[in-house]
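Notes follow once the structure below has been shown.
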Amino acid sequence: MPSERGGSSSVGARALVSIGAVFALALALAAPARGAAAGGPVATDAYLDQTRARWEELARRIWGYHEVALHETQSSAALADLLEKEGFSVARGVAGMPTAFVATAGKGEPVIGILAEYDALPGLSQEPGEAAKRPTRAGEPGHGCGHNLLGTAAVAAAVAANRTRVADKLPGTIRVYGTPAEELLLGKVFMARDGAFQGTDAVLAWHPATDNQVVNRARLAISAVDVEFAGRTAHAAAAPWQGRSALDAVELLDHAVALMREHVLPTARMHRVIKEGGTVPNIIADHARVQWWVRDTNVESVEEILGRLRKAAEGAALATETQAKVTLLAQTREPIPNDTLGGVVQRELERVGGPRWDERDLALAHGIQKANGVPEKGLATDVQPFAPKRGESASSDIGETSAIAPLAELNVATRPLGVGAHTWGTTSCSAHPLGYKGMAVAEKVLAASLVDLLRDPAAVRGAKEELAKATGGKPYRSPLAADAKPAAF
């Protein structure tokens with residue numbers, strides 16, 4: 001993957017890559033629409049319209065479970081059970097995670113996958129459809145990223161596409177990947193390490209958002225680490241000279257990283273939370289732990305920053321006469337956009353169009369925007385054109401999937417403009433008609449795109465060739481140790 005550190009020669013290389021990407025985009029969009037994408041409503045649309053209440057009920061149910069990473073027992077079972085009833089064979093407990101599954105229908109090539117997520121976020125409980133912060137139960141989790149919509153739409157799209165596959169006797173296989181713990185950047189990473197995505201020819205994904213677009217901007221690569229310090233306890237008043245404070249080491253590391261911020265690329269992000277800092281003030285802490293998340297545009301830069309953070313931890317330990325231990329918790333690379341697949345999804349998105357809002361949706365949107373102090377611009381209606389660098393820069397473990405199989409990601413508006421994910425406002429929208437309308441668009445776009453790819457092996461071959469060029473043909477290498485175990489952190 002290209003570095004951002006080079007001088008004029010690397011700038012020239014990036015310019016050539018940019019020109020090539022624009023040319024690829026033009027070719028993708030100029031290509032004739034395949035299958036039903038050229039016309040109006042298709043069979044999958046009709047099925048999803050007829051069964052709309054079923055999917056809204058499922059999304060509301062998962063919203064009510066609001067289960068956090070690696071604990072999505074009911075949410076995972078709800079999706080997997082439904083797929084089994086629809087004729088999919090389901091492998092559960094994939095990659096050592098009880099809430100991970102792979103559901104398969106059909107046989108032969110092409111093998112087209114779709115990603116489902118369903119984990120909630122801690123502390124984002126919220127009454128649905130409310131424009132003011134009002135937790136259902138204070139401190140409980142909530143779907144502040146809309147994964148109840150995400151997982152439901154992925155399953156609905158797969159069911160609809162599979163019915164068309166059977167009815168039209170199409171060759172190929174549809175796989176639904178139930179991927180837990182996206183918020184901890186774990187699920188797809190462990191599934192990738194253990195080979196769950198091998199043999200898949202193309203993968204579709206989507207995420208609730210504020211806009212209607214195909215994402216072709218690489219999200220940020222990320223590593224999460226725990227830094228622990230071991231010191232020596234003592235009475236903080238009677239004999240502090242006997243102690244060696246682990247908390248002092250955490251503070252010194254914090255200061256070192258703060259100074260480091262001047263000397264990293266402006267694209268880098270470093271943020272932390274102190275997980276353990278001692279028990280009471282009059283006992284010098286003999287153990288402290290801080291969790292750091294490091295992000296940048298590519299995994300090479302992230303690993304370079306991590307190397308410097310490790311040195312800073314060693315320096316803090318040396319200065320405070322403590323011992324440091326750095327543990328990698330999770331890591332995922334930047335996703336690799338695929339313009340060939342993106343063009344297929346874009347055509348279906350333009351055919352389906354954005355969500356159609358009513359006055360109740362707009363009233364909720366304006367209320368949430370006002371409560372959050374952002375401009376009251378309402379909700380996105382237009383479909384954004386297919387163009388470079390569409391999408392957000394937040395990290396996602398879809399990066400690992402995209403390094404193994406070609407991947408395209410869709411965004412559909414399910415929350416107000418200017419309102420971020422991981423907020424109570426998103427939880428409010430995720431069990432409201434506003435969120436369901438966006439979900440319905442995602443279902444139709446993804447279902448039709450799945451069918452398009454089953455009908456067009458040439459598009460799948462083109463997507464695979466594009467990925468091979470992007471990776472230089474290098475085989476996938478997991479960032480995880482062979483004996484690493486998935487665990488919440």
Using side chain to side chain contact (heavy atoms under 4.5 Å, CB included) as the criterion, list what pairs up with [X], not counting sequence neighbours.
X: T427; answer: W63, L124, Q126
X: T210; answer: R415, L417
X: A463; answer: N338, T340, L341, P406
X: D286; answer: T233

Margin query: Run the side-chain contact (heavy atoms from CB on, under 4.5 Å) test on N148 and R60 for me, step by step, so that the C-alpha distance in whole Å, both residues' side-chain angles and the decisive distance to 0.1 Å come before the verdict.
Written below: CA-CA 7 Å; N148 64 310; R60 178 58 186 253; over 6 Å; no
Next item on the list: Would you check if I398 and L407 make a side-chain contact, meaning some heavy-atom pair closer than 4.5 Å?
Entry: yes
Check: Under a 4.5 Å cut-off applied to non-hydrogen side-chain atoms, are V273 and V290 in contact?
Finding: no
Modelled atom types, side-chain donor and acceptor of [X] and [Y], under 3.5 Å:
X: H147; Y: E72; value: no
X: E348; Y: S449; value: no
X: S125; Y: E140; value: no
X: N298; Y: E334; value: no
X: K188; Y: T179; value: yes
X: R295; Y: H271; value: yes
X: W55; Y: T51; value: yes

Look up atom [atom1] in [X] and atom [atom2] in [Y], then write down how far apart they are to the nearest 0.5 Å.
X: D296; Y: L306; atom1: CG; atom2: CG; answer: 11.0 Å
X: T414; Y: H207; atom1: OG1; atom2: NE2; answer: 8.5 Å
X: W293; Y: L329; atom1: CH2; atom2: CG; answer: 9.0 Å
X: N162; Y: L450; atom1: CG; atom2: CG; answer: 10.0 Å
X: D226; Y: W292; atom1: CG; atom2: CH2; answer: 13.0 Å
X: Y47; Y: E443; atom1: OH; atom2: CD; answer: 10.0 Å

Nearest heavy-atom neighbours spanning [X] and [Y]:
X: P122; Y: V68; result: N-CG1, 4.1 Å
X: E183; Y: C145; result: OE2-CB, 3.3 Å
X: E466; Y: P337; result: OE2-O, 3.9 Å
X: I114; Y: A157; result: CD1-CB, 4.1 Å
X: A447; Y: A161; result: O-CB, 3.8 Å
X: A246; Y: F229; result: CB-O, 3.3 Å

Using the side chain to side chain donor-acceptor pair (under 3.5 Å) criterion, which residues pair with [X]? Sequence neighbours excluded.
X: K464; result: D201
X: S76; result: none
X: R92; result: D81, E84

Next item on the list: Enumerate the residue pairs fulfilling side chain to side chain donor-acceptor pair (under 3.5 Å) with a member in residues 251-261, sequence neighbours excluded, ordered by first and then second residue.
Entry: D254-R272
Please answer whether the main-chain N or O of [Y] pairs with a side-chain N or O of [X] as donor and acceptor at a distance below 3.5 Å.
X: N216; Y: A387; answer: yes
X: N372; Y: V374; answer: no
X: R356; Y: G353; answer: no
X: R193; Y: A484; answer: yes
X: W357; Y: A380; answer: yes

Test salt bridge (Lys or Arg N to Asp or Glu O under 4.0 Å) applied to [X] - qualifying residues, sequence neighbours left out:
X: E276; answer: R289
X: R52; answer: E56
X: D361; answer: K437
X: E409; answer: R219

Next item on the list: Please report the C-alpha distance between Y177 and T200 in whole Å, then the side-chain angles of each, then the deciding distance to 0.1 Å, and finally whether the side-chain hydrogen bond (donor to acceptor under 3.5 Å, both in side chains) criterion is met.
Entry: CA-CA 11 Å; Y177 290 98; T200 304; 2.5 Å; yes
Next item on the list: Any chance you could lay out the side-chain contact (heavy atoms from CB on, under 4.5 Å) test for L83 and V176, step after step, and finish with the verdict?
Entry: CA-CA 9 Å; L83 286 164; V176 181; 4.0 Å; yes
Next item on the list: Before giving the answer on side-chain hydrogen bond (donor to acceptor under 3.5 Å, both in side chains), spell out for E130 and S428 the whole-Å C-alpha distance, their side-chain angles and the decisive distance to 0.1 Å.
Entry: CA-CA 6 Å; E130 293 285 341; S428 180; over 6 Å; no
Salt bridge [X]-[Y], side-chain N to carboxylate O under 4.0 Å:
X: E400; Y: R333; value: yes
X: E127; Y: K133; value: no
X: R54; Y: E86; value: yes

Next item on the list: Let me see the working for I112 and V460 under side-chain contact (heavy atoms from CB on, under 4.5 Å), right down to the final yes or no.
Entry: CA-CA 9 Å; I112 312 299; V460 176; 4.0 Å; yes
Margin query: Determine whether M191 and V94 satisfy the following criterion, side-chain contact (heavy atoms from CB on, under 4.5 Å), listing intermediate values before the conclusion.
Written below: CA-CA 7 Å; M191 293 173 79; V94 174; 4.2 Å; yes
Note to self: Determine whether R310 and E314 satisfy the following criterion, salt bridge (charged side-chain N to carboxylate O under 4.0 Å, His left out), listing intermediate values before the conclusion.
What the structure shows: CA-CA 6 Å; R310 290 176 188 274; E314 292 167 2; over 6 Å; no
